[in-house]
Amino acid sequence: MKKKNLLRLGAFVLIASALAGCGGVNPPGESYIDENGKKIYTYNYNMYIQGDTTYPETHDNAYDNMLYNDFGIVFNYDRIARTDWETKTNTYFATNDAPDITTGGKEINYKGWANQQMLVPVADSYEDLCEKMPNYVKLFGDNMEEVYNLASSSDGKLYYLPSLRQEKAQMCWVYRKDIFDELGLEFPKTTDEFLEVCRVLKEKYPDKIIISSNGQKTSSLTGFFQAFGMPELILSKNSYYDPKDEEYVPYAMTTDTAREMYIFLRQLNELNYLDKEILSLESDRFSSRCATDNAMITYNYVYNAEGFTKRTNVNGKEGAEWAATDVMITADPEKGTVFKKDPLYSDYGPAFSTSCASEEGKLDAVLKYFDWAATPEGQIYHTYGVEGESFHYEDASTVQDDPGYEDSWGVYKDGKLVVPVVNDGWYDMANNTGGTKIADALGIPSVFGKQPKKFWEDRGSKIEGLYQSFMSKIETDNYYYIEDVPMRYTSEEESQYTDLSTALATKRDEYMARFIFGDMDPADDDDWNQYISDMNRVGLQRFIDLQTTVFDRTQANLED
């Protein structure tokens, strides 16, 4: 370890002394003056943990040391598993025990708390954000103003910092190319062609699952939503603006289009092409499907095809080949083919409770840190860790032949452009999945997104290839995508939205299962009308009226 790092770790004698008062001298969340007369701001930090990520249990680590020395801040962590985050954090806010900083929520959480005046705004306007956090704004380039309009609340203020969405297009159909080649099949372009391909596959392999869940439950239906002209996240978004018909659809899953999709899915099930567990299968079960060679087609991430191939070629079996395709299916070729273009941002990131405005400088101090996290230096730190320990720099000329390489991925050292490279023994998605993770050893979390070079190496090159292919088909194959639109709710409207969407989702999911697998036939007028009646009983028309009102008002406000 370099001398500088040793000095930093040594400095944590001071931090340990200060934090010893977390139950006495310096209660959590209160600021203080350290032995050197330096103002230290402390924050209760609600941080979610994804997957099997672990962090050091004490503050004596590289990340906390950096925060203390470089920014004069200390985080007192409440780390919560991602699956438990929403329930626990909602409880904190409901009982007036909100943390100073929270991450892991969704935009709907943040806007709700903002409307209840539980959060302090990061910025009062787009211009204010540009002035306060220039490096953060630079991350999003020309898209930042649009991101601001989408993420800001009903008062036009921004109450959290959205995360950079580095993926441009990452989901597509993934299929057994070796079997398609064996049978002389091409991946289908229309729902009619899809039925015929499934028929051929089932005739040749009657015991195999033709259309498998991807292990992510209802997201397994994403490709079918798009085939019928709806966006991929329609089960959570509920509404969308149709760019082809130029109309706003306030609730998608009760339209004639949704009915046609349900009829198609029921047909797939009755012909025994559709996975009986497509609405419930867990990810580990899908891995088992691959290992037992019992899946043909699924909707998944473009970069997962190689992994599916490896899982299928086990137990002495060789030759199976999963492949991702840039061909999407459509039920209406004349209208066009929908593909998933990822949003401009991810609707989660740090939000700040009103307690961060309890004393002068407290909010500014932590915003200064997050703005630094968006600089090239900050991105490298949060992605690669500590130079000399978890990574080193190499001359940029060693990677310039890479077609994905960009000069902006490096930094200048002694007048020479260099790029970060993971050290041996440390985790690397491409080369060493069993290595030590920087979160485990150094306490460093991911903030806003990976440093671009690392993202490209891990999965970005595959994503970029899919994105470019989809975008080229806009002109040649009548492909199109559906973008989010700004929706700014008042506090009362936010509450109505939450209550109504929850009630509608419960009833919708019940009928979804019944339409596809059960006793209700979406092609039968009586069954469909019963569905609409039950949806109205739990608030469908009120939801439609609400969404229409908010959409029209938001569009008018933005135009003004």
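Along the sequence shown, residues carry numbers from 1.
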Point to revise | Worked check of side-chain hydrogen bond (donor to acceptor under 3.5 Å, both in side chains) between Glu167 and Tyr301 | key: CA-CA 11 Å; Glu167 299 87 358; Tyr301 296 95; over 6 Å; no
**Study point:** Worked check of side chain to side chain contact (heavy atoms under 4.5 Å, CB included) between Asn238 and Arg508
**Key:** CA-CA 11 Å; Asn238 298 307; Arg508 177 204 65 205; 3.9 Å; yes
Exercise for review: Before giving the answer on side chain to side chain contact (heavy atoms under 4.5 Å, CB included), spell out for Val200 and Glu203 the whole-Å C-alpha distance, their side-chain angles and the decisive distance to 0.1 Å.
Suggested key: CA-CA 5 Å; Val200 174; Glu203 187 175 88; 5.8 Å; no
Review point. Can Lys335 and Asp245 be said to form a salt bridge (Lys or Arg N to Asp or Glu O under 4.0 Å), step by step?
Key: CA-CA 9 Å; Lys335 181 176 180 179; Asp245 294 336; 3.1 Å; yes
Practice item. Applying side chain to side chain contact (heavy atoms under 4.5 Å, CB included), run through Leu274 and Phe517 and close with a yes or a no. Key: CA-CA 10 Å; Leu274 191 67; Phe517 299 111; 4.1 Å; yes
Check your understanding: Trp173 and Phe224: ring-ring contact (aromatic ring centres under 6.0 Å, His included), yes or no, with the steps?
Key -> CA-CA 10 Å; Trp173 290 104; Phe224 297 113; 5.3 Å; yes
Practice item. Could you walk me through whether Lys202 and Leu271 pass the side chain to side chain contact (heavy atoms under 4.5 Å, CB included) test, one step at a time? Key: CA-CA 9 Å; Lys202 194 66 178 180; Leu271 292 168; over 6 Å; no
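When atom types are taken as modelled, the side chain of Asp477 and the backbone of Tyr479 share no donor-acceptor pair closer than 3.5 angstrom. Of the possible donor and acceptor atoms, one in the side chain of Ser501 sits under 3.5 Å from a partner among the backbone N and O of Tyr497. Using modelled atom types, no side-chain atom of Thr554 and backbone atom of Phe551 make a donor-acceptor pair closer than 3.5 Å. The backbone N or O of Ala252 lies less than 3.5 Å from a partner atom in the side chain of Thr255, making a donor-acceptor pair. Formation of a donor-acceptor pair under 3.5 Å by the Asn269 side chain with backbone atoms of Ile516 is found in this model. Listed for the Thr298 side chain is a donor-acceptor partner under 3.5 Å among the backbone atoms of Ser212. Checked by atom type and distance alone, the side chain of Asn529 pairs as donor or acceptor with a backbone atom of Asp525 at under 3.5 Å. With hydrogens and angles ignored, the 3.5 Å screen pairs a side-chain donor or acceptor of Thr502 with a backbone N or O of Thr498.
For residues 323-332, the side chain to side chain donor-acceptor pair (under 3.5 Å) pairs, not counting sequence neighbours, are Asp326-Ser469, Asp326-Lys473. Screening residues 151-170 for ring pair (Phe, Tyr, Trp, His ring centres under 6.0 Å) gives Tyr110-Tyr160 as the qualifying pairs, with residues at least two apart or on separate chains. Within the structure, the ring pair (Phe, Tyr, Trp, His ring centres under 6.0 Å) test picks out the following pairs touching residues 251-289 (sequence neighbours left out): Phe228-Phe264, Tyr251-Phe543, Tyr262-Phe515, Phe286-Phe308.
Between Tyr241 and Tyr248, the ring center distance fails the sub-6.0 Å criterion. Between Tyr345 and Phe140, the ring center distance fails the sub-6.0 Å criterion.
Within the 4.5 Å cutoff, the side chain of Asn294 has heavy atoms near those of the Lys208 side chain. A heavy-atom distance below 4.5 Å is not found between the side chains of Asn304 and Trp322. In this structure, the side chains of Phe370 and Met133 come closer than 4.5 Å at one or more pairs of heavy atoms. Between Glu306 and Thr309, every side-chain heavy-atom pair lies at or beyond the 4.5 Å cut-off. Taking the side chain as every heavy atom from C-beta outward, Lys168 and Met471 never approach each other to under 4.5 Å. Proximity of Lys106 to Glu86: side-chain heavy atoms (C-beta onward) are nowhere separated by under 4.5 Å. Counting heavy atoms from C-beta outward, Leu466 and Cys172 have side chains that approach closer than 4.5 Å. Between Glu483 and Glu146, the closest side-chain pair of non-hydrogen atoms falls below 4.5 Å.
The pair Asp78-Lys88 does not meet the salt-bridge criterion, since no charged nitrogen lies less than 4.0 angstrom from a carboxylate oxygen. Ionic pairing of Asp527 and Arg514 is not present here: no N-O contact between side-chain nitrogen and carboxylate oxygen is shorter than 4.0 angstrom. Salt-bridge check for Arg176 with Asp178: passed, with a basic side-chain N closer than 4.0 Å to an acidic carboxylate O. Electrostatic pairing of Arg165 and Asp347 does not count as a salt bridge here, judged by no charged N lying under 4.0 Å from a carboxylate O.
Minimum interatomic distance between Val120 and Ser353 (heavy atoms only, all atoms of both residues): CG1-O, 3.5 Å. Between Pro350 and Ile101, the shortest heavy-atom contact is CB-CG2, 4.3 Å. The minimum heavy-atom distance between Ile278 and Leu221, with the atom names listed, is CD1-CD2, 4.0 Å. Nearest heavy-atom pair, Met520 versus Tyr511, reported as atom, atom and distance to 0.1 Å: CE-CE2, 3.7 Å. The shortest heavy-atom contact between Pro522 and Arg259 is O-NE, 2.7 Å. In plain terms, the two heavy atoms of Thr476 and Ser472 that are nearest each other are OG1-O, 3.3 Å.
The number of heavy-atom neighbours closer than 6.0 Å to OH of Tyr348, taken from other residues, nucleotides and ligands shown, is 12 or below. More than 12 non-hydrogen atoms from other residues, nucleotides or ligands lie less than 6.0 angstrom from CG of Asp519. Lys204 NZ: 12 or fewer foreign heavy atoms inside a 6.0 Å radius. Counting heavy-atom neighbours within 6.0 Å of Lys138 NZ, excluding the residue itself, gives a total of 12 or less. For Glu182, the CD atom is densely surrounded, since the number of other residues' heavy atoms within 6.0 Å is greater than 12.
Ring pair Phe187/Tyr175 is tilted by interplanar angle, where 30° to 60° counts as tilted.
Legend: residues meeting salt bridge (charged side-chain N to carboxylate O under 4.0 Å, His left out) with Arg285, ordered by chain and number and at least two apart, are Glu277. By the ring pair (Phe, Tyr, Trp, His ring centres under 6.0 Å) test, Trp85 is found to be paired with no residue, residues two or more places apart in sequence or in another chain being considered.
If you check the side chains of Asp545 and Gln541, you find a donor sitting under 3.5 Å from an acceptor. For the residue pair Asn46 and Thr89, a side-chain donor N or O sits within less than 3.5 Å of a side-chain acceptor on the partner. Inspection of the Ser220 and Asn214 side chains reveals an N or O donor paired with an N or O acceptor under 3.5 Å. Side-chain contact of Gln468 with Glu464: a donor-acceptor pair under 3.5 Å is present, judged by distance alone.
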Name the atoms and distances for all side-chain donor-acceptor pairs under 3.5 Å in residues 111-119, with sequence neighbours left out.
{"unit_1": "Lys111", "atom_1": "NZ", "unit_2": "Glu107", "atom_2": "OE2", "d": "3.1"}
{"unit_1": "Lys111", "atom_1": "NZ", "unit_2": "Leu150", "atom_2": "O", "d": "3.0"}
{"unit_1": "Lys111", "atom_1": "NZ", "unit_2": "Ser152", "atom_2": "O", "d": "3.3"}
{"unit_1": "Asn115", "atom_1": "OD1", "unit_2": "Ser154", "atom_2": "OG", "d": "3.3"}
{"unit_1": "Asn115", "atom_1": "ND2", "unit_2": "Lys111", "atom_2": "O", "d": "3.3"}
{"unit_1": "Asn115", "atom_1": "ND2", "unit_2": "Tyr489", "atom_2": "O", "d": "3.3"}
{"unit_1": "Asn115", "atom_1": "ND2", "unit_2": "Glu494", "atom_2": "OE1", "d": "3.4"}
{"unit_1": "Gln116", "atom_1": "NE2", "unit_2": "Gly112", "atom_2": "O", "d": "3.3"}

